[in-house]
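Report on the structure given below.
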Amino acid sequence: MQEDTVVQLVQAYLPPGAEWVVGGGPTTSKPYVREADLDGDGMPEIVAAYRLGQDLFLLVLKRYMSGWRVVAMTRGAGYDIDAFGIAPIVATYPGNLVVGWRIGAAWAKLSVYAWTPHGLVDIAPADLYYSRLEVGDFPGAPEHAGRAELALWIHDTGEAYRVEVVRWDRNRFLPATDAYPSYFGHVAAYYAELTTRHPDYRVYWYYLADAYEKSGRQGDALAAVDRALSIDAPYPTQDTLLALRRRIAGEAAAAASSGLRRIGAFARAEALFPAAVKEVGGTKWGFVDERGAWRIPPTFEYANDFAEGLAVVQANGKYGAIDASGRFAVPPEYEWIDAFSDGRAIAYDREGPRVIDNAGRVLTSKSYDYIAKFSEGRALFSRQSEQGSLYGYLDRDGAEAIPASFLEAGDFAGGRAIVKLADDEYALIGSDGKRKATYRYDYVGAPGDGVLPFRKEADGKYGYIDEAGNVVVEPRFTEARPFREGRAVVNVAPDFNNEYGLIDRTGAFVIQPKYNDVRPLGDGRVALGQPIDPGQPYIGSKYAIADANDGKLLTDFRFYGVNDFQGGLASVSDESQTYFIGRDGKPAAGFPRFDGSGTLTLRGDIVQANVDQRLFYYDKRLGNVVWAPNTTIPLSPPYVVKEMKYKPNRDYLVYYPQVTGMTDAAAQEKANRRLRELSEVKDVPAGQLDYSYTGDFEIPFFRGSLLVLELNAYNYPWGAAHGMPSLVYPHLNVENGRFYALRDLFLPGSDYVKTLSDIVGDHIKNDPQYDYVFPDTYEGIKPDQPFYVTSDALHLYFQPYEIGPFAAGFPTFRIPFEQIRGIIDTSGEFWKSFH
């Protein structure tokens, strides 16, 4: 049938309110509709895509003697369609419907539909994602002729893509290695052109070498990887390039074979790791595998590690939990969700915390003021009463196993918990709530190793009692912490000073009380801290590692960060690096050292490194970084934003943007100098600061020639109750290097200050979401009021404390352009830069 006839036919079968989903160019857009024999009976069916509200659907019509009938309808994913066609995927005949569901600016989810007696069934794995797609019968082994392969181009950074070529084989998608020589010849041509235009882009040479190797051109591959190794750039890492060179040279067969693993298995044992990509629109999070390949594409606003098969993620400002396929097991409708433990998690909505299970079911019948994480099948909760907050315990079903009747309470450990019944009265209870002992003291702390810290009277000294209430260590300390591995940290200094030591169960000092801090690390080790600045001990400590049994020092005082021992290893940070040490205090052999401050976590053979506020992954078997965050953010050719790092001091860290691609080199340098100044890239003393400072940036908006950057920072004066955040939004025209102010948006002579002030005042008065604004603090906006623009609105914001409490952050008011169009200078440079 003619295409117009098919469209008219399908139109009669669309539900009321449905709209066609269209594709093609601006002047050639057509509805997504195809005729194809899907069921193999020799007669073509008609398949079409339509939109109903916010949802996408596929509709299949089949012709019978009595006329056309709807024989299948299925809901799609995402918000648009990227690809729509028929191809012989499962067999040479009949065809399969191939649909790419657009789920993000650079990502689509691939569906391959096969016809069954039950209608269309998507045979593609749930985690098959791509950025660009090519479907075709690529030259390969004769037995695969007539079958289509899928070439998945998966975005990495800039114009670089990792390419996978797969084929349906043995009821799953497997790498089509026989088609590699043919297809990767095209990939090599793509990267050869990129390296010609950008000869100093290391990542393009890396992918060129990979493509040459897969297309069988080992000599060219070695030359390309050697060219990449000669370029001084952080990504890909030197170790990654050397591993590729070994593979190309045939010195690492295991590494080569790892590239032939199947992809997209619904159920798999491999670990998934959260990873972030900085792009226009903000940082997006997804999950990579141990090779650094995306398994769940970066479409989330935030992502946590998987725990018990679920990972907490943020989408559209709300939190939910996904499974290993990327599907939501818990819908994103909460303000926050703690990590799952024992099949339960604490989820927070506007009414308060609730207990949910791993299927997303809410188990508590009401919200509480507070719910702690579950410990030994019990979760501490509190509710308000006439006496103030009272505490009790929930069971795993969300029921109140122990009613709220305690003034204070702690978590269960070893089947016991300490609760406060009244002033000068504490009790040790079991998981059934029954008392095992009662203590009539001013204070009793959590049990550890069978003893409990206690204080007889207010302002008295601390000692220890056993569970029966017998004093085992007489009160003589100004602070006493619970025992761990037969040792307890105590303080003997008066007046809130620090003189910490370590005692054994008899109260004898194993480590004398003379340290700014003492931290048990487990595994028979302890960290001893000396003040960084003796005159200001609250700044923090430099630590040494000691034996908790005899106090023998195993290192000098050189660590600024120390984590607990796990499996005989502890993550530490010194003046310049982060690495693992063993129980002997020496750097662990066979493990990496990273420049910067942070923590390392060993997850199987993968080292998860969170260093200088960046998360990346290192494979200790291969000896190289397998995934690192991008440091270039492409805009539109030729413009690129590069992430630069400035760390002149251990306590001063700034990531700042620099723009490249401007035709006027002087204007570009001037603009970048201004961005460095706004990012607080400045001279900083090398010695100890009396504050810490961290800065970073996002790209919330780019259109036309207007680049809007968000420069965010946090300044924390040592010893303060909290630090002070800051936000700056530079509006830069990337064509001429000019920065725009608020006044540049409006007609000359217009009283934009009064107009905008009135609108903001109306929001404060009538919109309940602004009921936190301090009374009588708002007096209107300033001519240079902080602001940022998006595609359809102006946003005005205020600094913390300016008109509201610190917890309110940056009070922000959205003003649609339509509301103020009468005063906008639509002929002005600012407006025209993004319209």
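All values reported here derive from a predicted model rather than from experimental measurement. Just so you know, these numbers use all the heavy atoms, side chains as well, and skip hydrogens, waters and symmetry mates.
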Q. Are Ile511 and Leu528 close enough that some pair of their side-chain heavy atoms sits under 4.5 Å apart?
A. yes
Q | Test salt bridge (charged side-chain N to carboxylate O under 4.0 Å, His left out) applied to Glu575 and Arg558, step by step | A | CA-CA 7 Å; Glu575 183 71 34; Arg558 65 174 181 269; over 6 Å; no
Q) Under 6.0 Å from the six-membered ring centre of Tyr441 and within 45° of its axis: does the NZ or CZ of Arg455 meet both? A) no
Output side-chain donor-acceptor pairs under 3.5 Å for residues 402-424, partner residues at least two apart or in another chain, one line each.
from   : atom 1 : to     : atom 2 : distance (Å)
Arg416 : NE     : Glu467 : OE1    : 3.0
Arg416 : NH1    : Gly414 : O      : 3.4

(Q) Measuring from atom NZ of Lys542 to atom CD1 of Ile532, what distance do you get when rounded to the nearest 0.5 angstrom? (A) 8.0 Å
(Q) Testing the basics here: between Ile337 and Val330, what is the closest heavy-atom pair and its distance to 0.1 Å? (A) CD1-CG1, 4.1 Å
Q) Checking Asp357 side chain against Ala359 main chain: does a donor-acceptor pair fall under 3.5 Å? A) yes
Q | Phe616 vs Pro629 side-chain heavy atoms within contact, under 4.5 Å | A | yes
**Q.** Taking every non-hydrogen atom, the tightest pair across Ala527 and Tyr543
**A.** CB-CD2, 3.8 Å
Q) Are Phe591 and Tyr618 close enough, and set up right, to give a ring-ring contact (aromatic ring centres under 6.0 Å, His included), and what steps lead you there? A) CA-CA 9 Å; Phe591 289 91; Tyr618 178 96; 8.6 Å; no
Q) For the ring pair Tyr334 and Tyr348, is the centre-to-centre distance below 6.0 Å? A) no
Q: Measure from the ring center of Phe306 to the ring center of Phe273 and say whether it is less than 6.0 Å.
A: no
Q) With a 4.5 Å limit on heavy-atom distance, are the side chains of Asp517 and Asn498 in contact? A) no
(Q) Using modelled atom types and a 3.5 Å cut-off, is there a donor and acceptor pairing between side-chain atoms of Asp323 and backbone atoms of Ala329? (A) no
Q | Atom CZ of Arg476 with >12 non-hydrogen neighbours under 6.0 angstrom | A | yes
Q) Donor-acceptor pair, Ser385 side chain versus Gly388 backbone, under 3.5 Å? A) yes
Q.
Can a donor-acceptor pair be found, under 3.5 Å and without considering hydrogens, that links the side chain of Thr478 to the backbone of Ala493?
A. yes
Q: Considering only NZ, NE, NH1 and NH2 on the basic side and carboxylate oxygens on the acidic side, decide whether Glu308 and Arg344 come within less than 4.0 Å.
A: no
Q) Cation over ring, Arg525 on Phe565, under 6.0 Å and within 45°? A) no
Q.
For Trp627 and Tyr617, take the angle between the two ring planes, folded into 0 to 90°, and tell me which bin it lands in: parallel under 30, tilted 30 to 60, perpendicular over 60.
A. tilted
Q: Flag this pair as yes if the NZ/CZ of Arg505 is under 6.0 angstrom from the six-membered ring centre of Tyr464 and inside a 45 degree cone about the axis; otherwise no.
A: no
Q | Atom pair OG1/CG of Thr578 and Asp612 - distance to nearest 0.5 Å | A | 7.0 Å
Q | Donor-acceptor contact below 3.5 Å, side chain Glu301 vs main chain Asn316 | A | yes
**Q.** Lys645, NZ: over 12 other non-hydrogen atoms inside 6.0 angstrom
**A.** yes
**Q.** Expected output: side-chain Arg583 to main-chain Asp523 donor-acceptor under 3.5 Å
**A.** yes
Q) Have Gln577 and Tyr579 got a donor and an acceptor in their side chains that come within less than 3.5 Å? A) no
Q: Without swapping roles, check the side chain of Thr812 against the backbone of Phe810 for a donor-acceptor pair under 3.5 Å.
A: yes
Q. If you take all heavy atoms of Asn491 and Asn497, which pair is closest and at what distance?
A. ND2-O, 3.0 Å
Q | ring-ring contact (aromatic ring centres under 6.0 Å, His included) between Phe774 and Tyr801, worked out | A | CA-CA 9 Å; Phe774 294 141; Tyr801 288 128; 7.7 Å; no
Q.
Is a donor from one side chain sitting under 3.5 angstrom from an acceptor on the other, for Gln384 and Ser389?
A. yes
Q: Report yes if some heavy atom in the side chain of Val489 is under 4.5 Å from a heavy atom in the side chain of Pro520; otherwise report no.
A: yes
Q) Tell me, do Tyr319 and Gln314 make a side-chain contact under 4.5 Å, heavy atoms counted? A) yes
(Q) Less than 3.5 Å apart, any donor N or O on the side chain of Ser382 or Asp369 sitting next to an acceptor on the other? (A) no
(Q) To the nearest 0.5 Å, what is the distance between OG1 on Thr438 and CD on Glu425? (A) 6.0 Å
Q.
If the condition is ring pair (Phe, Tyr, Trp, His ring centres under 6.0 Å), which residues does Tyr500 pass it with, not counting sequence neighbours?
A. none
Q: Taking the side chain as every heavy atom from C-beta outward, state whether Val654 and Lys647 have any atom pair closer than 4.5 Å.
A: no
Q: Measure from the side-chain N and O atoms of Thr555 to the backbone N and O of Ala544, and report whether any donor-acceptor pair falls under 3.5 Å.
A: no
Q. Glu485 and Asp449: which non-hydrogen atoms are nearest, and at how many Å?
A. N-OD2, 3.2 Å
**Q.** Side-chain heavy-atom pair Asn649, Tyr693 within 4.5 angstrom cut-off
**A.** no
**Q.** Polar side chain donor-acceptor pair, Asp651 to Tyr716, under 3.5 angstrom
**A.** no
Q | Closest non-hydrogen atom pair, Phe454 against Pro475 | A | CZ-CG, 3.6 Å
Q: Grab the two heavy atoms, one from Pro353 and one from Ile346, that are nearest each other, plus how far apart they are.
A: CB-CG2, 3.8 Å
Q. Between CG of Asp605 and CD of Glu290, what distance do you get to the nearest 0.5 Å?
A. 9.0 Å
Q. Are Tyr462 and Phe477 close enough that their ring centres sit under 6.0 Å apart?
A. no
Q: Look only at the side chain of Arg519 and the backbone of Val562, and say whether a donor-acceptor pair between them is shorter than 3.5 Å.
A: yes
Q) Which is it for Phe287 and Ile322 under the side-chain contact (heavy atoms from CB on, under 4.5 Å) test, yes or no, and what are the steps along the way? A) CA-CA 11 Å; Phe287 292 84; Ile322 60 171; 3.7 Å; yes
Q) So, Ser571 side chain and Leu600 main chain: donor-acceptor pair closer than 3.5 Å or not? A) yes
